[in-house]
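Step one of this worksheet: look at the structure below.
Remember, predicted model here, so these are calculated numbers, not experimental data. Note that these values count all heavy atoms, side chains included, but never hydrogens, waters or copies made by symmetry. Whatever order the structure lists ligands and atoms in, that order sets their numbers, starting from 1. All residue numbers in this chain count up from 1 along the given sequence.
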Amino acid sequence: MKKVIIGEQLVKSFGEGNEQRRVLDQVSVEINEGEFVAVMGPSGSGKSTLMFALSGTDGIDSGTVMVDGKELSTIGENELSDLRRRMMGFIFQQPTMLSNLNILDNIILPAMRDNRKNVVEISQKARALMNRVGITELEKRDIKQVSGGQLQRAGICRALMNNPRIIFGDEPTGALNSQSAQEIMDILSEINAEGTAVMLVTHDAKVAARTERVMFMRDGAIVNELKFPKFEGTDMDGRVEEVTERMREIGI
Ligand code: ADP
Ligand code: MG
C-alpha cells in the first residue's frame with residue numbers, strides 16, 4: 001500500500017548529560033495513504049514528539065522521515081515549509097487563532113500565504129468548508145463568541161484549506177464534551193472517507209475506537225497496536241471495550 005509518511009528508527013532526546021532523556025526510542029511508523037490512525041499513551045510517553053517528528057515540525061537526533069518521496073533532513077527550510085503547507089493540516093486541542101480576526105479571516109489566514117491563489121478563491125473555499133462543517137453563520141463572529149466545538153470546526157476548515165494528504169490532530173477533542181467530540185469525529189471520518197489520512201493523539205477510547213489502527217506508546221516506543229475494519233457501523237461498543245482493555249494493560 002502507498003505510504004503518506006514513513007518514519008524509521010526515530011530517536012529524539014531532550015536535556016543534557018545526566019538529565020538527558022530519550023523521548024523517542026527508535027520508533028518506526030508508517031502511515032498509509034488515506035489511513036485513519038490514533039496514538040494513545042500515558043502523558044509524557046512521546047506522542048506529541050512523535051507527531052512533531054513525522055510532520056517535520058521538529059527535528060530528530062537520528063532516523064529518517066520520508067514524506068512524498070523526500071527525506072526531510074535532506075531538504076532546506078523553504079522546501080520543508082512548502083511541503084508541510086501542501087501536504088499537511090494540523091489541528092490542536094485549543095485551535096490557535098487570532099482574537100483580533102473573525103472566524104473566516106482566521107480560517108483563510110494561512111492559505112493567504114500561498115500567493116498562487118487570490119483572496120476571492122480562498123474565501124470561496126473557506127465558505128464551502130464552513131458550510132460543510134456547519135458553521136456558515138459564524139463567519140463574522142469573533143473567536144471568543146463561539147463554543148469550543150465550533151472553534152474546533154473552524155480549526156478543521158483551516159487545516160483543510162490546502163487539501164492536505166494528511167491531517168495531524170494532537171488531542172483535537174481533548175477540550176470538548178463527549179457529544180462535541182463525537183461530532184468532530186463524524187467530520188474527521190467523513191474527510192478520511194474521501195481519502196485524507198488522519199493521525200490523532202487521543203486519551204479517549206471512544207475517539208480511538210473510530211479509527212482503523214490504534215498505536216499505543218510507552219516510554220518513547222510503540223508497544224502495542226490494535227486494528228479495526230475501516231468502515232465502522234458494526235459493534236462500536238465492542239471496539240471501545242477492546243481499546244479500553246488495551247489501555248488498562250498498558251497502564252494508561
Ligand atoms: P506526550 O505528548 O505523550 O504527553 P510529549 O511528546 O509531549 O509527551 O513529551 C514527552 C517527554 O518529552 C516529556 O517528558 C516532556 O517533558 C519532554 N519534552 C517534550 N518536549 C520537550 C522540550 N521541548 N524540551 C524538553 N523536554 C521536552
Ligand atoms: Mg502531548
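The protein heavy atom nearest to atom 7 (O) of ligand 1 is Ser48 CB, 3.7 Å. At the shortest separation from atom 19 (C) of ligand 1 among protein heavy atoms lies Phe14 CE1, 3.4 Å. At the top of the distance list for atom 13 (C) of ligand 1, counting protein heavy atoms only, stands Arg21 NH1, 3.7 Å. Atom 9 (O) of ligand 1 has as its closest protein heavy atom Thr49 OG1, 3.8 Å.
The heavy atom nearest to atom 1 (P) of ligand 1, out of those in Gly220, Gly44, Ser13, is found in Gly44.
Ion pair Glu33/Lys3 not flagged as a salt bridge, since none of the NZ, NE, NH1 or NH2 atoms sits closer than 4.0 Å to an Asp/Glu carboxylate oxygen. Using a 4.0 Å cut-off between charged nitrogen and carboxylate oxygen, Glu245 and Arg248 count as a salt-bridge pair. Ion pairing of Arg210 with Asp186 is present here, as a side-chain N (NZ or NE/NH1/NH2) and a carboxylate O approach within less than 4.0 Å. Arg22 has no carboxylate O lying under 4.0 Å from a charged side-chain N of Asp219, or vice versa, which leaves the two without a salt bridge.
Residue-ligand proximity: Gly41 is placed with every non-hydrogen atom at 4.0 Å or more from ligand 1.
In this structure, a donor-acceptor pair under 3.5 Å is present between the side chains of Asn177 and Ser180. Inspection of the Asn162 and Arg86 side chains reveals no N or O donor paired with an N or O acceptor under 3.5 Å.
Atoms of ligand 1 lying under 4.0 Å from at least one heavy atom of Val23, given by number and element, are 10 (C), 11 (C), 12 (O). Atoms of ligand 1 lying under 4.0 Å from any heavy atom of Pro42, numbered from 1 in the order shown and given with element: 3 (O).
Here the closest non-hydrogen pair linking Gly7 and Leu54 is CA-CD2, 3.9 Å.
Near-neighbour remark for the Mg ion (ligand 2): protein N, O or S atoms under 2.8 Å are Ser48 OG; waters not counted.
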Might you work through the salt bridge (Lys or Arg N to Asp or Glu O under 4.0 Å) test for Glu35 and Arg165, ending with a clear yes or no?
-> CA-CA 10 Å; Glu35 197 179 18; Arg165 296 246 297 281; over 6 Å; no
Could you walk me through whether Met217 and Val39 pass side chain to side chain contact (heavy atoms under 4.5 Å, CB included), step by step?
-> CA-CA 7 Å; Met217 279 191 90; Val39 182; 4.0 Å; yes
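Within the structure, salt bridge (Lys or Arg N to Asp or Glu O under 4.0 Å) contacts touching residues 137-146 (residues at least two apart or in different chains) are Arg127-Glu139.
Side-chain contact between Phe168 and Thr57: absent, with no pair of heavy atoms (C-beta onward) separated by less than 4.5 Å.
Distance screen at 4.0 Å: atom 15 (C) of ligand 1 has no protein heavy-atom neighbour inside the cut-off.
Of the heavy atoms in Met217, none comes closer than 4.0 Å to ligand 1.
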